[in-house]
Amino acid sequence: MRKTLICFCLMAPLALGAAELAGTWKYAAPPNPNAKGNRPPAETVYVIKVDGNRFTGTMLVNRGIADILNGAIDGTQITFERLDGNGRKTAFKGEIGGDQLTVSPANPPAAGQGQGGRGPQGPTVLKKASSETEYKLPPELAHKPLPEFKPIKPNGYALTPPMGWNSWNKFARAVDDRAVRGMADAIASSGMRDAGYIYVNIDDTWEGERDKDGNIQSNQKFPDMKALADYVHGKGLKLGIYSGPGPRTCAGFAASYNHEEQDAKTWAAWGIDYLKYDWCSANEVYHPEELKPAYQKMGLALRAARRPIIFSLCEYGWQEPGEWGPAAGGNLWRTTGDISDNWYSMSTIGFDSQIGREKHAGPGHWNDPDMLEIGNGQMTDTEYRTHMSLWSMLAAPLLAGNDIRSMTDSIKAILMNKEVIAIDQDKAGVQGLAVRKDGDCSIAGRGGQQTKIPCQEVWKKPLAQGVAVSLFNRGGDAAKMTVKWSEVGVTKKNPKVRDLWAHQDVTAPAELSVDVPSHGVVMVTVK
Ligand code: GLA
């Protein structure tokens with residue numbers, strides 16, 4: 001009798017907390033009077049399934065689905081991890097008290113970096129909404145289980161990094177049929193096409209509503225996509241388009257969710273040659289672990305459409321797309337958030353955020369540090385030369401993002417430097433990297449915060465024949481920079497050295513010593 005009583009007393013608080021925790025909990029943020037648009041404020045929702053003193057579940061943060069992992073209940077105290085769409089895990093702790101669940105990050109973020117759905121100062125206080133323990137999408141957003149992710153064979157396209165133009169950086173929502181035709185004309189007449197810029201890519205905001213059979217239609221800015229494709233093809237160019245695995249694109253237009261095969265067929269019928277497929281609202285309908293199969297679903301749909309279409313994945317580098325992008329049918333994948341036309345954005349993306357990704361690049365499958373900003377006006381020509389050199393050293397896609405119709409001669413000379421383009425397009429398809437970083441400098445970010453960076457970097461990119469070497473000066477002052485050929489793997493005496501921006505041969509038997517302007521580059525081949 002006594003034994004039973006002791007056992008009961010120990011179990012009681014644990015069982016009580018566990019029983020209370022199972023179910024659906026909600027926190028509704030108060031309406032934000034400054035919010036734009038008419039979307040209601042996002043709720044924070046937890047749907048929790050309990051098994052003994054362990055639990056798992058689903059959580060909605062700003063409408064995005066996150067997984068609740070490794071939940072543990074100890075009396076009224078809980079701990080768990082949140083797995084977000086970007087593959088990141090965050091530890092949380094909380095307390096169950098009647099119809100209230102109080103949750104806060106186990107390691108609170110620094111001031112100013114609040115969690116979604118959290119009250120202004122304190123932890124999130126959720127109220128029990130129902131006893132439902134399975135998270136279900138609203139019926140209009142439901143989807144069939146995605147097929148298991150199984151590697152598919154390469155499609156054989158993009159054996160060198162894709163080159164062309166994309167509308168987003170310059171036009172954003174203002175792109176229309178006229179602008180695209182104008183750009184195709186200018187790409188053909190300016191020499192850009194002959195320099196290799198072949199793809200004319202329409203980014204977001206071309207999409208209209210679906211017809212009664214679910215076929216995607218273009219909106220009034222693009223009256224006839226097939227006619228536009230014919231026009232672009234007539235210029236010796238190819239046409240690209242944009243969509244995403246979610247219900248809506250980043251700009252809020254219809255995307256391919258639950259219409260993947262149908263959209264791929266429509267694009268093939270229009271004559272589309274390139275697809276950029278952008279995650280955005282997909283985290284409102286897919287769990288983090290569904291990201292890869294969601295991309296593969298479109299990879300397979302493009303195959304089934306039987307037209308050579310380059311497949312460009314855009315999930316901002318969240319789930320290491322280099323590891324699985326090719327197996328999903330992808331030819332390239334974004335590795336970062338959006339670039340902007342300034343030195344901080346461009347240089348930190350190019351120099352710092354691509355480190356370690358070299359192993360993922362090669363013919364048919366490329367890292368994509370985002371489109372070029374060359375010629376958009378907010379960097380100097382010196383900085384744009386660095387942008388062009390760095391992207392070429394990285395074997396990155398070269399997608400111009402400026403208005404080709406009104407390029408200055410100096411911008412033309414940068415974008416159409418054939419000797420630099422040849423480095424990007426080298427058949428070996430090796431992504432270059434820094435072999436030496438010197439000095440301690442710092443760079444001011446958007447919020448004015450200072451980040452430590454090297455002042456100078458020496459890069460190499462092995463080529464099918466020889467090696468490309470770039471001396472980059474990230475610092476605020478001009479600098480003398482030296483590289484010994486032995487540092488970049490050249491053992492031959494008296495190699496042939498050519499300066500790719502000065503367009504001249506250089507005598508440099510064992511090393512090169514040059515003055516490099518602030519934010520500038522000297523780029524050579526050593527053969
Ligand atoms: C995201 C992408 C951008 C662009 C926009 C369009 O932000 O990263 O490159 O495609 O969406 O809405």
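Every number for a ligand or one of its atoms is a count from 1 in the order of the listing. These numbers come from a predicted model, not from an experiment.
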(message) Give me the atom names and distance for the closest heavy-atom approach of P162 to I310.
(response) CG-CG2, 4.4 Å
(message) S353 and side-chain contact (heavy atoms from CB on, under 4.5 Å): which single residue from T336, D370, T348 fits?
(response) T336
(request) If the plane angle is over 60° it's perpendicular, under 30° parallel, otherwise tilted; pick one for F351 and F472. (result) perpendicular
Using a 3.5 Å cut-off on N/O to N/O, what pairs does ligand 1 make with the protein? A line per pair would be great.
{"residue": "ligand 1", "atom": "7 (O)", "partner": "D338", "partner atom": "OD1", "Å": "3.4"}
{"residue": "ligand 1", "atom": "7 (O)", "partner": "D338", "partner atom": "OD2", "Å": "2.7"}
{"residue": "ligand 1", "atom": "8 (O)", "partner": "R334", "partner atom": "NH1", "Å": "3.2"}
{"residue": "ligand 1", "atom": "8 (O)", "partner": "R334", "partner atom": "NH2", "Å": "3.0"}
{"residue": "ligand 1", "atom": "8 (O)", "partner": "D338", "partner atom": "OD1", "Å": "2.4"}
{"residue": "ligand 1", "atom": "9 (O)", "partner": "K276", "partner atom": "NZ", "Å": "2.8"}
{"residue": "ligand 1", "atom": "9 (O)", "partner": "R334", "partner atom": "NH1", "Å": "3.1"}
{"residue": "ligand 1", "atom": "10 (O)", "partner": "D203", "partner atom": "OD1", "Å": "2.6"}
{"residue": "ligand 1", "atom": "10 (O)", "partner": "D203", "partner atom": "OD2", "Å": "3.3"}
{"residue": "ligand 1", "atom": "10 (O)", "partner": "K276", "partner atom": "NZ", "Å": "3.0"}
{"residue": "ligand 1", "atom": "11 (O)", "partner": "D278", "partner atom": "OD2", "Å": "3.0"}
{"residue": "ligand 1", "atom": "12 (O)", "partner": "D204", "partner atom": "OD2", "Å": "2.8"}

(message) Salt bridge check, D403 against R405: does any charged N sit closer than 4.0 Å to a carboxylate O?
(response) yes
(message) For W343, run the side chain to side chain donor-acceptor pair (under 3.5 Å) check against Q378, H387, H519 and tell me which one passes.
(response) H519
(request) Please check if any side-chain donor atom of E290 sits under 3.5 Å from a side-chain acceptor atom of H287, or the reverse. (result) no
